[in-house]
Amino acid sequence: QVQLQESGGGLVHTGDSLKLSCTDAGRTTGSYGMGWFRQSPGKEREFVAAVSRSGDTLTYADSVKRRFTISKDNFVNTVYLQMNNLRPSDTAVYYCAADQIYGGRDSMKYDYWGQGTQVTVSS
């Protein structure tokens with residue numbers, strides 16, 4: 001059974017960097033499409049970045065293009081989100097998601113979700 005757990009969040013200043021990690025604690029075999037989403041209080045969950053099952057397709061929201069990078073390490077069943085030049089508007093709880101087939105923008109197509117990690121960016 002897939003059990004996703006995020007880590008790496010924290011409190012930083014504008015312009016700082018963070019690297020988030022999401023590991024399958026269930027140690028499920030095989031490759032998965034994976035995505036990152038975020039949600040701030042009173043707002044809808046929004047797409048951030050995704051990587052396809054094969055790893056050959058990377059997708060980003062316009063708001064994070066050229067600042068964030070998503071990557072997978074299949075050896076340790078982990079997906080990462082390198083976040084550079086952070087802004088206060090990036091403040092949110094960040095969630096990772098996984099699916100045996102899908103690896104794109106649509107949150108409704110993912111079967112598995114982590115509990116989230118808080119990212120706070122001060123002015």
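Starting from 1, each residue takes its place in the sequence as its number.
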ILVMFWY network linking Leu86 to Tyr60, side-chain heavy atoms under 4.5 angstrom: yes
Whether Tyr112 and Tyr32 hold their rings parallel, tilted or perpendicular, with breakpoints at 30° and 60°: perpendicular
Spacing of OG belonging to Ser40 relative to CZ belonging to Arg45, to within rounding of 0.5 Å: 13.0 Å
Ser17 and Asn84: CA distance, side-chain angles, deciding distance, side-chain hydrogen bond (donor to acceptor under 3.5 Å, both in side chains) verdict: CA-CA 4 Å; Ser17 297; Asn84 297 326; 3.0 Å; yes
Ile101 atom CD1, over 12 foreign heavy atoms within 6.0 Å: no
Verdict with supporting geometry, Thr120 and Gln118, side-chain hydrogen bond (donor to acceptor under 3.5 Å, both in side chains): CA-CA 6 Å; Thr120 302; Gln118 177 71 46; 3.3 Å; yes
Side chain to side chain contact (heavy atoms under 4.5 Å, CB included) evaluation trace for Arg105 with Thr59: CA-CA 7 Å; Arg105 300 175 179 270; Thr59 308; 3.5 Å; yes
Distance, nearest 0.5 Å, that separates CG of Leu81 from OG of Ser71: 8.5 Å
Path from Val119 to Trp113 over hydrophobic side-chain contacts below 4.5 Å: no
Derivation and outcome, side-chain hydrogen bond (donor to acceptor under 3.5 Å, both in side chains), residues Thr23 and Thr78: CA-CA 4 Å; Thr23 297; Thr78 300; 3.1 Å; yes
Donor-acceptor pair, side chain of Arg67 and main chain of Asn85, under 3.5 angstrom: yes
Glu6 backbone acceptor or donor facing Thr117 side chain under 3.5 Å: no
Distance, nearest 0.5 Å, that separates OG of Ser107 from CG of Asp99: 12.0 Å
Salt bridge (charged side-chain N to carboxylate O under 4.0 Å, His left out) assessment of Arg87 paired with Asp90: CA-CA 5 Å; Arg87 309 164 178 170; Asp90 296 318; 5.3 Å; no
Which atom of Cys22 lies closest to which atom of Met34, heavy atoms considered: SG-CE, 4.2 Å
Chi angles and distances behind the side chain to side chain contact (heavy atoms under 4.5 Å, CB included) call for Gln115, Cys96: CA-CA 8 Å; Gln115 81 289 343; Cys96 68; over 6 Å; no
Shortest non-hydrogen contact from Ala50 toward Gly104: CB-O, 3.5 Å
Same apolar cluster: Val51 and Met83, side chain cutoff 4.5 Å: yes
Option from Tyr95, Phe47, Tyr94 for which ring-ring contact (aromatic ring centres under 6.0 Å, His included) with Phe37 holds: Phe47
Heavy-atom pair of closest approach, residues Thr14 and Pro88: OG1-CD, 3.4 Å
Nearest-0.5 Å distance, NZ of residue Lys19 to CZ of residue Phe68: 14.0 Å
Same apolar cluster: Tyr102 and Val79, side chain cutoff 4.5 Å: no
Lys72 to Tyr80 six-membered ring, cation-pi geometry met (6.0 Å, 45°): no
Rounded distance (nearest 0.5 Å) linking atom CZ of Arg38 with atom NZ of Lys43: 8.5 Å
Expected output: side-chain Gln5 to main-chain Ala25 donor-acceptor under 3.5 Å: no
Heavy-atom pair of closest approach, residues Asp56 and Ser52: OD1-OG, 3.1 Å
Hydrophobic cluster membership, Ile70 vs Val2, 4.5 Å side-chain cutoff: yes
Shortest non-hydrogen contact from Arg53 toward Ser31: NE-O, 3.3 Å
